[in-house]
Structure formats: structure tokens, C-alpha cells
**Student:** 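Handing you a structure now.
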Amino acid sequence: MNIVIEGKSIEIAAGSSCAEAFKAALSGKAFKACVAARAGEDLLDLSSPVPSAVLDGHQSLSPVTLDSPEGLELLRHSTAHVMACAVQRLFPKTKVTIGPAIDKGFYYDFDAVRPFSVEDFPAIETEMRHIAKAALPFARREVSKEEAIRFFEAKGESYKVEIIREIEADTVSLYELAEFTDLCRGPHLPHSGFVKAAKLLSVAGAYWRGNEKNKMLSRIYGTAFADEADLQKYLHQLEEARRRDHRKLGRELDLFDFHEDVAPGMVFWHPKGMLVRTILEDFLRKEHLKRGYELVQGPQLLRRELWEKSGHYDNYRENMYFTEIEGDAYGVKPMNCLSHMLIYGRTLRSYRELPVRYAELGVVHRHEMSGVLHGLLRVRQFTQDDAHIICRPDQLEDEIIGVISLVRDLFNLFGFNYRLGVATRPEKYIGTPEAWERATTALIKALERLDLPFVINEGDGAFYGPKIDGRVTDSLDREWQCSTIQCDFTLPERFDLCYIGQDGERHRPVMVHRAILGSLERFIGILIEHCAGAFPVWLAPVQARIVTVTERHDETALRARDFLQRQGLRAEADLRNEKLGYKVRAAQLEKIPYVLVIGDKELESGEVNIRLRGGETLGSMSLEATAARILADSDQPFTQGGMHYRFS
RNA sequence: GCCCACGUAGCUCAGUCGGCAGAGCGCGUCCUUGGUAAGGACGAGGUCAGCAGUUCAAUCCUGCUCGUGGGCUCCA
């Protein structure tokens, strides 16, 4: 029979394995790097026979190499088996459960006599190396369900038995690695010799099947790469991510901190962090005014009755804080929408007034479980860049376009990767299917008109309306939700919002809740990690530091500082009795974008010597030219003209 | 809440197999007046997270409490 592999037509005997086919088609080197076969969508063991779909020409057969994404997944899954084999050799009473490959590695969940700890890693890793060195084959065997159940029952592997009972097919596949046999769909590497660069990373408790009512298992996380160099590269990346951790940088750069003993999950902003925040807030306010929003602000506390009316008391009570004033119950706001609606509803509105866009940098409190608090990224008190747009149904699509444009512009400004998703109607919902349909269509059409990529998250919408979510990725590759754009059918109804239409009748407006950066706290946390603490010049708390060589230069330095401040720059002078190198180093560690050196030469010429954050020195320039350069550096792409933050 | 690890000076971390608590950075004073990532000397600074237990003696061993970090919906 003839089949084509990598553009090469070869003759194979009936019943040949994929390995035999590749051996005939590939060079020795290419064949050696090959660990599995791909036929259509399916991955196959090299030892499995060439599928009939390939033989009759419906599918092509291609080799999978160890360093390809599929190859790495196989490697990691196989490494999980190697680890399980090692664990059972060292801890014979341990029961195995499941052990999949995950994004950057693998894990295996064990039911162990005692939970594993990192102290056990050296022994396990040594045993894994033995298994790898022996280059033992992964042998696939298909057996009936009954036989598999008998097999695992005999070994006391109750979790495997439980899994097999739930499998619908008549037969299951087993993989044997030395004496360790695991129920597994496969495929696997040809043999354990490919596991050359593996490392165990951490232990964790994990519930059987993720359900907290089940027994807690002991999970070991690890990773594996095609070779040692790739593994080391990955470990360095993890190191780099830890180096950029916003909690670490927040302390080192003196931006913010926490006092867990008195206010867990709530931020204390230090002067420099507060300055960054203030600049960001000012920028956001101006940008919103430019885009037709009006700024409003409502109270922090609202009577409980109002939260009952909105439905928050029924649906969100556990996450709210309550207090009592003169015998009346008040709730601390977890959201800003109620005040905005009260402001809208105060007078009768004409259709000509719409859309109304109320924006507020609103401080909200939400009671989060103590276990999930995480630096600035998950807190209990935070500030949303919130706004509510109240508009006519025919205005919805254009309004959504305006909001998404703002999302796009802001994330592009900061250089973030982001993904947009449209969440559609869930099983439990309120409002009519027609209204849902109309709003969902408006969201999708707006995205299409802006030509932005998005995914549909079926059934992920809030019960009160469809939404668009914007997620950005942090330096650890974690995804955080920032933007949200939600259509709301409930609240306008519950609060009886209306406008008088052209026909003189009352009509129900549509309300859009939206936040772009989401929470300023979270956003700043992500931003710190993104830029490793080196803020863009327009946000840097100190833009320029003047460094003197000796105290002879102090007076000139202070005059220069005052000049730069009058130009609207955030400048300061370091007059400490230290050597120049020491002060330059300090400024560098503080990630100040411009260091301006003044010594005898500069005293003479009336200029300053400029050193950039990256270490480059630019030579000397007049103060005027220096100020102009820094100001130009702090301009924004879509906010030309006076958007820098100035001291006044 | 549960699993693992951790909690020592403002920060980063040593340390004692139970016997007066250590370093570097930072901070203060003094000397030094220097040219682009650390000049020198001296000094201040600690209830070794908290509580209880074992012990002649506990920062160290045991238990509990509090807090921090990682993980707990990636499914044979």
C-alpha cells in the first residue's frame, strides 16, 4: 500500500505501525525526534498500526516531535506516569487517581498515607531519573471494562475502579510502565528515555474531583521539557516573574503596603503610589469628559431598603458590609449603580437628553473570602472606573461602540494583551428572550463594526443581561478580568427609570454598566508587573532626579529642580553627602526615568548631563531642552495637548 | 474552609542537633568633597508572630491560635 508522509510517497505493508511507516519515510535524525503520530485530529502512539483512514487516503499521517506543543503535552503526561511509578515504588501504600498534563507542566493526585511535602521531592526525582535512564517502554493494552475493574480492584486502586465504572465504552486502555499500570487514554511517548529534563515544583491539597465534600488528595505539580536548556529557560522565567511581583515592587518602590492585622485586603497607599494613582485618575476623568461622560458621586452608605429594592440584598448580601445608624440598617455600597439611577430618576427626562453617561471613580467594598486575597489583585476595598449609560434602545449599539473603543484605546496605551468575550443568556435569566436577543446582537455588531476579535462564552451572562468581558494577562501568565460591559434589563425596571419619547409617552431606557480598567487597585498591580516597576514617564512618580557631585553644586541643583517643577515636571534633587555612583545607583533602583547630573563642568556650561533609566548617558543639554524632552516623553498618543500632570 | 510551606531588626535573610540573638542593606552621627550601579568609622535598632505545654533552661521540641505564600472546576 502507498501512503504519503511529509510529501514523500512510501510503500508500506498491511498492518504496519506508525513507527515503521515513519522509519521508511524519515531520515534517521528526524525519526529519532519523533515521539508520536498525528492522523487528522488524533494523536497516536508510534507503536499503533497506521489507521485505515490514512491507508485509504482520507487522512494524512504526520510525525509529532518532542518539542512541538503536542509533543510537550505527551512528554508531560508521560512524565506524570513516570512520577506515579516512582511514588509507588517509594511509598507502596499510595493510591493513584489522575495525572494530566496542564498548561506548563503536569500534576498527579495521590491518596497517600501522609500528604507529600517538598522534602520528598529529591527521593522521588532520583527514582524518576532511574526510570528515565532505563528507557522503559510505555506499552498500551486494551481490555474489557470488567477485566480492568478486576485488575485495579486486585491492586486496591479504588479511584481507578470508580473512574472505569463511569466510562461508557466497552473497552478501556491501560498503559504499562515497568510494574506500574495506569488506566489512560494515551497516547504516550515510546519509552521513558525521553524524560530527560523534568522537575517537581510544588505540592498542594486538591479534592478528589474538585469537590470539597470529597477526600483531600495530595497533588504534586511538576514540569518537563524536551531538554535541559528549555527547562532552565522556563525556571528562569518563573524567577523573573517573581522578581516582578507587584507586592515585592510595591514595597521596594515604596508605593503601597498592607496592614493585615488591622485591615486585611485593604490598601494603604504611600505617597509615591498615591501619586501614580492620582495621575491615573486625573487622566481617566479627563478622558471620560472628552468622551461625553459626566462625573457624579454618590454616598458610601445607603439604606438597606434600597439594596432590597435593587435585589442586591437577596443575591449579594454575603458579600456586603452592613452597619446601623440611629436604629436604621445601612449597607456599604458594593457597586455604584444605585446612586447613578437615583440621580437620573430625580427629574423627568426627554428622549432628547439621552444618552446620559454618568461616570464615577467609585470606592466599593466587597467581602471576599480571606483565602483569595492577593496583593492589589484581589482586595476587599477598591475603586472602580465605573460608569452607567442610560440610553434609548436604538442608541445601544453606538454606545457599546464608544465603550469598546475606550477599552481598546486604554489597553493599547498601556501595551496590554487583552481578550474580549461576549457572554450570552444563562439558564436562569430575567427579561424577555427578545430583549436578550436585541442586546446580544448589539454587543456582537459593535465588536464586528470595530473589527475586534472576540469569543462567545455561551450562557456566561449575568442573570440580568448579556455582557462583554475584557481580560488582560499578567507577568505570571494569569488572566485577570478588568473590563466589563453589561446590559441590564432589571434595574431600570425595578427603579422605574423612564424617558418621554417623541410620542409623548413614557418609555423604558436601557442601562449599560461598564468599567474599563475595572479596579484601579488591580489595574495598577498588573501594570506594575507589566512594566517591572519602571512606569512610563507620564505615570512615573518621580520623572527626573537631579544628582550633584559635591555640595558645591547644591544651589544650582535646587534652582534646576525649581525650574523643572515650574515646567510641570515631577523633579527632585538628591543632595546627600554620597558619591555620585551611589546616588546614580539609588535613582536607578528607584527606576526614575531621567537622572540629571550636575558637577563642576555643568556649573561652568549651565547645562545638565542626562542619564536615562536604561543606563545610557545622553551628554549635556540646557535645562530648557531637557524639560522639553521629558515633557515630550510624557505625552499620550491620544491625549495630545496638556495631558501631563503638573505641579501647580 | 481544606492541603503543603513559612513567620527572627524597617527590608532581605543567616542561626542555635535546647544554654547571653547575627549579617548585609536601610536609618543616625562623624570623617571624606567624590564624575554615571555601593568611600570609611562608630552607633541605634529584636517580647525570635501570639498563647499554652515539656524542660534546670525554649527563638529552637509539642500543641493550639493568628497571619503570610502556593494550591484546591485543566478530569481515564
**Student:** Is it true that R150(A) and E146(A) make a salt bridge, defined as a side-chain N closer than 4.0 Å to a carboxylate O?
**Tutor:** no
**Student:** Could you please name the partner base of A44(B), counting Watson-Crick and G-U wobble pairs only when both distances are under 3.5 Å?
**Tutor:** none
**Student:** 5'-most contact on RNA chain B: Y108(A) or E551(A), nearest heavy atom basis?
**Tutor:** E551(A)
**Student:** Atom NZ of K213(A) and atom C1' of G1(B): how far apart are they, to the nearest Å?
**Tutor:** 12 Å
**Student:** Do E157(A) and K95(A) pass the salt bridge (charged side-chain N to carboxylate O under 4.0 Å, His left out) test, and can you show the C-alpha distance, the side-chain angles, and the key distance before you say yes or no?
**Tutor:** CA-CA 6 Å; E157(A) 295 285 9; K95(A) 291 188 197 178; over 6 Å; no
**Student:** Check whether the side chain of Y582(A) and the base of G35(B) form a donor-acceptor pair under 3.5 Å.
**Tutor:** no
**Student:** With a 6.0 Å cut-off (strictly less than), is the heavy-atom count around CD of E142(A), excluding the residue itself, greater than 12?
**Tutor:** yes
**Student:** What does nucleotides 3-15 of chain B look like as a protein-contact string, B for base, S for sugar-phosphate only, - for none, at under 4.0 angstrom between heavy atoms?
**Tutor:** BSS-----SS---
**Student:** For a quick check, tell me whether the side chain of N577(A) and the base of G34(B) share a donor-acceptor pair closer than 3.5 Å.
**Tutor:** yes
**Student:** Using a 4.0 Å heavy-atom cut-off, does G599(A) contact any base of the nucleic acid, only the sugar-phosphate backbone, or nothing at all?
**Tutor:** base
**Student:** What is the nucleic acid contact for E602(A), judged by heavy atoms within less than 4.0 Å: base, sugar-phosphate only, or nothing?
**Tutor:** base
**Student:** Quickly work out the E578(A) CD to C31(B) C1' distance and round it to whole Å.
**Tutor:** 12 Å
**Student:** Determine the contact category for K583(A): base if any of its heavy atoms lies under 4.0 Å from a base atom, sugar-phosphate if only primed atoms, P, OP1 or OP2 are that close, otherwise nothing.
**Tutor:** nothing
**Student:** I'd like the P distance from C17(B) over to C31(B), given in whole Å.
**Tutor:** 45 Å
**Student:** Applying side chain to side chain contact (heavy atoms under 4.5 Å, CB included) to V195(A) and L75(A), what does each step give before you reach the verdict?
**Tutor:** CA-CA 7 Å; V195(A) 181; L75(A) 167 67; 4.1 Å; yes
**Student:** Contact between Y594(A) and V608(A) at the side-chain level, heavy atoms closer than 4.5 Å - yes or no?
**Tutor:** no
**Student:** What is the separation between atom CG on D109(A) and atom P on U73(B), rounded to the nearest whole Å?
**Tutor:** 10 Å
**Student:** Taking the side chain as everything from C-beta on, heavy atoms only, tell me whether H530(A) gets closer than 4.5 Å to V472(A).
**Tutor:** no
**Student:** Are the charged groups of D109(A) and K215(A) less than 4.0 angstrom apart, N to O?
**Tutor:** no
**Student:** How far, in whole Å, is U59(B) from C51(B) if one measures between their P atoms?
**Tutor:** 11 Å
**Student:** If each of N211(A) and Y207(A) is mapped to the nucleotide of RNA chain B with the nearest heavy atom, which maps nearer the 5' terminus, i.e. the 5' end?
**Tutor:** Y207(A)
**Student:** Given atom CH2 of W208(A) and atom P of U73(B), what is their separation to the nearest angstrom?
**Tutor:** 14 Å
**Student:** Among G70(B), A37(B), G34(B), which nucleotide sits nearest the side chain of V549(A)?
**Tutor:** G34(B)
**Student:** Please report the distance, rounded to the nearest Å, between CZ in F110(A) and C1' in C72(B).
**Tutor:** 16 Å
**Student:** Considering every strand and a 4.0 Å limit on heavy-atom distances, what is the contact class for L589(A): base, sugar-phosphate, or nothing?
**Tutor:** base
**Student:** Look through every strand shown and name the nucleotide pairing with G7(B) as Watson-Crick or G-U wobble, where both distances are under 3.5 Å.
**Tutor:** C66(B)
**Student:** Can you check whether F110(A) and Y108(A) have ring centres sitting under 6.0 Å from each other?
**Tutor:** yes
